[in-house]
2 protein chains.
Amino acid sequence: MDTEERVLTNLRKGIVEFCVLAIIGEGSAYGLALARRLEADGLVASESTLYPLMARLRMAGLVDSEWQESDAGRPRKYYTLTDAGREALRAFQSTWEPLRDAVDRTLRRPS
Amino acid sequence: MDTEERVLTNLRKGIVEFCVLAIIGEGSAYGLALARRLEADGLVASESTLYPLMARLRMAGLVDSEWQESDAGRPRKYYTLTDAGREALRAFQSTWEPLRDAVDRTLRRPS
DNA sequence: GACGTTATCGTGTATTGCAAGGTATGGCAA
DNA sequence: TTGCCATACCTTGCAATACACGATAACGTC
């Protein structure tokens, strides 16, 4: 893995998790659709990041999942936000904003 | 490690590295001083994150280091930015900004 | 010389992103 | 019905790295 990729990889750590919560908070979504959307935004590199992540979120009780038929193709597993998930999302916002601002300040350097 | 801490830990990944470059870009600094400043901003948890990081930056040729006497106490190892370091810092800004904006957009939900 | 302070650094563990590959289902065309 | 492709989910293994914990070293003070 070259340097540039590693930088992005590390930056994404811990961020995607909450972007997923935010997205399904707006309405349920299934795995591959989530993966594609996040890939388009540069937030994940592939599905192999997403599936283990969804499993962790489920284990943590932040999302529920449910199989649903599809008009075309295989059944899909749809995820929805639990109350704990909504709470975690709120908590994340309070964490993200100060961190983001600390980075911006440091990069901009008012010394 | 509890959940809350893990969230912060993951968020910090890949961010501190460039905050360090930004700080020493303003003038050389030594390890412990860097660590204290970054701890105050919530960007690292302890020196044990910083020293291995500085070693990596040095290996990558992004910083140089030099021992200097101190008025009081042990000698300190001062770090300075190399040209490659300055370049990496510029490159990071181009990576950070879109990512930060993608996160903000996703959290704020214009869907 | 014992002790506290300042400073740098090493070891071990846990987390996790991702590449690569595996499995299952449905649609479609020859 | 056979073959093939797209869709969809998931697993394995590796590599990167944050951090707790602790070691080591130099200096000053009593």
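Just so it is clear, the values below take in all heavy atoms, side chains as well, and ignore hydrogens, waters and symmetry mates. In what follows, chains carry the letters A, B, and so on, assigned in the order in which the sequence lines appear, proteins first and then strands, with residues in each chain numbered from 1.
Within 4.0 Å (heavy atoms only), A/Tyr79 reaches sugar-phosphate atoms of the nucleic acid but no base atom.
Remark: C1' of C/dA20 and CG of A/Leu50 are 17 Å apart, rounded to the nearest angstrom. The CE-P distance, from A/Met59 to D/dT11, rounds to 12 Å in whole Å. Atom-to-atom, CG of A/Leu8 to P of D/dA16 comes out at 16 Å; the value is rounded to the nearest Å. When the C1' atom of D/dA23 is taken as reference, atom OH of B/Tyr51 falls 14 Å away, rounded to whole Å. Whole-Å rounding puts the B/Leu53 CG to D/dT17 C1' distance at 10 Å. Atom-to-atom, CG of B/Leu32 to P of C/dT8 comes out at 6 Å; the value is rounded to the nearest Å. If you measure from atom CE of A/Met54 to atom P of D/dT11, you get 14 Å, rounded to the nearest angstrom. Put simply, CD on A/Glu17 is 11 Å from C1' on C/dT15, counting in whole angstrom units.
Within the 4.0 Å cut-off from OP1 or OP2 of D/dA8, at least one side-chain nitrogen or oxygen of A/Tyr30 is found. The side chain of B/Arg76 contributes no N or O atom lying less than 4.0 Å from OP1 or OP2 of D/dA26. Under 4.0 angstrom from either OP1 or OP2 of D/dA18 there lies no side-chain N or O belonging to B/Arg6. Taking 4.0 angstrom as the limit, A/Arg56 places a side-chain polar atom (N or O) nearer than this to OP1 or OP2 of C/dG17. Proximity of B/Asn10 to the phosphate of C/dT16: a side-chain N or O atom is located under 4.0 Å from OP1 or OP2. The phosphate of D/dT17 has neither OP1 nor OP2 within less than 4.0 Å of any side-chain N or O from B/Arg12. Considering only side-chain N and O atoms, A/Thr9 lies under 4.0 angstrom from the phosphate OP1 or OP2 of C/dC18. Distances shown here put a side-chain N or O of B/Thr49 below 4.0 Å from the OP1 or OP2 atom of D/dC19.
Between the base of C/dT16 and the side chain of A/Lys13 there is a donor-acceptor pair shorter than 3.5 Å. Taking only distance into account, the side chain of A/Arg74 meets the base of D/dA8 through a donor-acceptor pair shorter than 3.5 Å.
For B/Glu47, counting side-chain heavy atoms from C-beta on, the closest listed nucleotide (D/dA16, D/dT11, C/dT8) is C/dT8. The A/Ser46 side chain lies nearest to C/dA19 when the options are D/dC10, C/dA19, C/dT8. Considering only side-chain atoms of A/Ala45, the nucleotide from C/dA19, C/dA7, D/dT7 that sits closest is C/dA19. Set against D/dA26, C/dC18, C/dC9, the side chain of B/Pro75 has D/dA26 as its closest nucleotide. With D/dC21, D/dT11, C/dA7 as the choices, the nucleotide that has an atom nearest any side-chain atom of B/Ser48 turns out to be D/dC21.
Under the 3.5 Å distance criterion, the side-chain polar atoms of B/Thr82 are matched with a main-chain donor or acceptor of B/Gly61. With B/Arg105 contributing its side chain and B/Arg100 its backbone, the two residues share no donor-acceptor pair below 3.5 Å. Counting only distance, with no hydrogens or angles, the side chain of A/Thr49 and the backbone of A/Ala45 share no donor-acceptor pair below 3.5 Å.
Ion pair A/Glu17/B/Arg6 flagged as a salt bridge, since at least one NZ, NE, NH1 or NH2 atom sits closer than 4.0 Å to an Asp/Glu carboxylate oxygen. Ion pair B/Glu87/B/Arg90 flagged as a salt bridge, since at least one NZ, NE, NH1 or NH2 atom sits closer than 4.0 Å to an Asp/Glu carboxylate oxygen.
Where B/Glu69 and A/Trp67 each meet DNA chain D at their nearest nucleotide, the meeting point lying more 5' is that of A/Trp67.
Exactly one residue among B/Thr80, B/Val63, B/Asp64, B/Ile23 makes a side-chain contact (heavy atoms from CB on, under 4.5 Å) with B/Ser28. That residue is B/Thr80.
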